[in-house]
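Contents: one structure, followed by commentary.
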Amino acid sequence: MNKLFWLLSMVTASLSTAVSANDHQPVYIYFGLEPDIITNYTSETNKIGFINVSVEFMLADNNGLDIIEMHEPLIRDKIISLLGQQSPQHLRSLTGREEIRKEIQNEVNSLLKQETGEAVIENLLFTKYLLM
C-alpha cells in the first residue's frame, strides 16, 4: 500500500512539474494583412515589375494584435515603400528575400515603437511572394 501511495505521489509531482513548465511558453497569435500587398519596382532597364506578397505577423499577445490593427495603414505604407526601393536582383534572390523580410520586420517594429512605445512583432512571414 505504501508503495502504491509513493508511486502515485511521484506521478502527480511529475505531471504538475510538466504542466508548470508549459505555462511559461508564450502562445503566439498570427495576424495577416488583408488584402495582399501589390506594388511595383523599376528594373535597371526602366521596365516596371510588380511584386505581390502576403504578410503575416507573429505576435506574443492580444495587446500586440490591437496595436497592429490600429496602425495597419502605417504598416502597409512602410512595407510598400520598402519593397519599392529594392532592386529586381535583390527581390529575386533567396538571400535578398530573407534580408527584405528582416528589414521589413525591423522597420515596422521601429515604426510601432515610435508610435506606441512597443515593438510587438516577434516574427514576420511571407506566405505568398510573387514577382511579375
Side-chain angles (χ1 to χ4, degrees):
M1 185 73 164
N2 284 338
K3 288 182 182 181
L4 180 60
F5 178 73
W6 180 82
L7 181 61
L8 287 174
S9 298
M10 294 304 290
V11 169
T12 304
S14 66
L15 286 176
S16 65
T17 303
V19 169
S20 64
N22 288 335
D23 288 343
H24 298 292
Q25 301 222 347
V27 176
Y28 292 110
I29 299 167
Y30 291 90
F31 178 82
L33 292 178
E34 293 289 332
D36 292 351
I37 293 175
I38 301 171
T39 191
N40 60 340
Y41 63 90
T42 306
S43 68
E44 290 80 26
T45 59
N46 289 329
K47 290 186 179 180
I48 293 179
F50 294 93
I51 182 167
N52 179 348
V53 293
S54 293
V55 178
E56 303 276 336
F57 298 114
M58 186 172 83
L59 312 168
D61 57 27
N62 282 332
N63 182 43
L65 184 61
D66 294 339
I67 290 171
I68 293 288
E69 287 176 340
M70 178 181 286
H71 296 286
E72 187 175 350
L74 282 174
I75 293 168
R76 291 181 72 82
D77 179 64
K78 178 58 88 175
I79 293 171
I80 289 168
S81 296
L82 291 170
L83 288 172
Q85 296 170 3
Q86 305 300 319
S87 71
Q89 293 79 16
H90 202 63
L91 290 168
R92 284 189 184 101
S93 73
L94 291 176
T95 56
R97 182 161 96 177
E98 180 61 17
E99 289 170 4
I100 292 166
R101 186 191 69 77
K102 287 180 182 177
E103 180 184 7
I104 290 173
Q105 179 180 337
N106 292 336
E107 290 291 324
V108 171
N109 263 335
S110 294
L111 176 70
L112 292 173
K113 189 150 181 101
Q114 177 184 345
E115 292 294 319
T116 67
E118 293 184 66
V120 297
I121 299 171
E122 298 288 326
N123 200 0
L124 180 141
L125 307 166
F126 290 135
T127 53
K128 182 194 312 180
Y129 190 93
L130 298 172
L131 293 171
M132 300 173 257

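Values reported hereafter were calculated over all heavy atoms of this structure, with side chains retained and with hydrogens, waters and symmetry mates removed. Throughout, residue positions are numbered sequentially from 1 according to the sequence presented.
Residue Phe31 forms a side chain to side chain contact (heavy atoms under 4.5 Å, CB included) with just one option from Leu59, Ile121, Ile67, and that option is Leu59.
Hydrophobic clustering keeps Leu125 apart from Leu91 (ILVMFWY residues linked when any side-chain heavy atoms are closer than 4.5 Å, directly or through intermediates). Placement of Ile51 and Leu33 within a single hydrophobic cluster is found when ILVMFWY residues are connected by side-chain heavy-atom separations under 4.5 Å, directly or transitively. Criterion: ILVMFWY side-chain heavy atoms under 4.5 Å apart, direct or through other members. Under it, Val120 and Leu111 are not part of a common hydrophobic cluster. Note: the hydrophobic cluster containing Met58 does not contain Leu65 (ILVMFWY, side chain heavy atoms under 4.5 Å, direct or indirect links). One hydrophobic cluster, built from ILVMFWY side chains closer than 4.5 Å, cannot hold both Ile80 and Leu130; they sit in different ones.
In terms of modelled atom types and a separation under 3.5 Å, the side chain of Glu98 and the main chain of Leu94 share no donor-acceptor contact. Side chain of Glu56 to backbone of Asn123: no donor-acceptor contact under 3.5 angstrom is found. In this structure, the side chain of Asp77 does not engage the main chain of Pro73 through any donor-acceptor pair within 3.5 Å.
Side-chain contact check for Phe126 versus Ile104: some heavy-atom pair is nearer than 4.5 Å. Residues Gln105 and Asn109 are in side-chain contact: their nearest non-hydrogen atoms beyond the backbone lie under 4.5 Å apart. Side-chain contact between Leu112 and Leu74 is absent, with no heavy-atom pair separated by less than 4.5 Å. Ile100 places none of its side-chain heavy atoms less than 4.5 Å from the side chain of Leu82.
Residues Tyr28 and Ala60 share a closest heavy-atom pair of CD2-CA, 4.0 Å.
Evaluation of the side-chain contact (heavy atoms from CB on, under 4.5 Å) rule for Met70 yields no partner, not counting sequence neighbours.
Note that Arg97 lies in the cation-pi zone of Tyr129, set by a 6.0 Å cut-off to the ring centre and a 45° limit from the axis.
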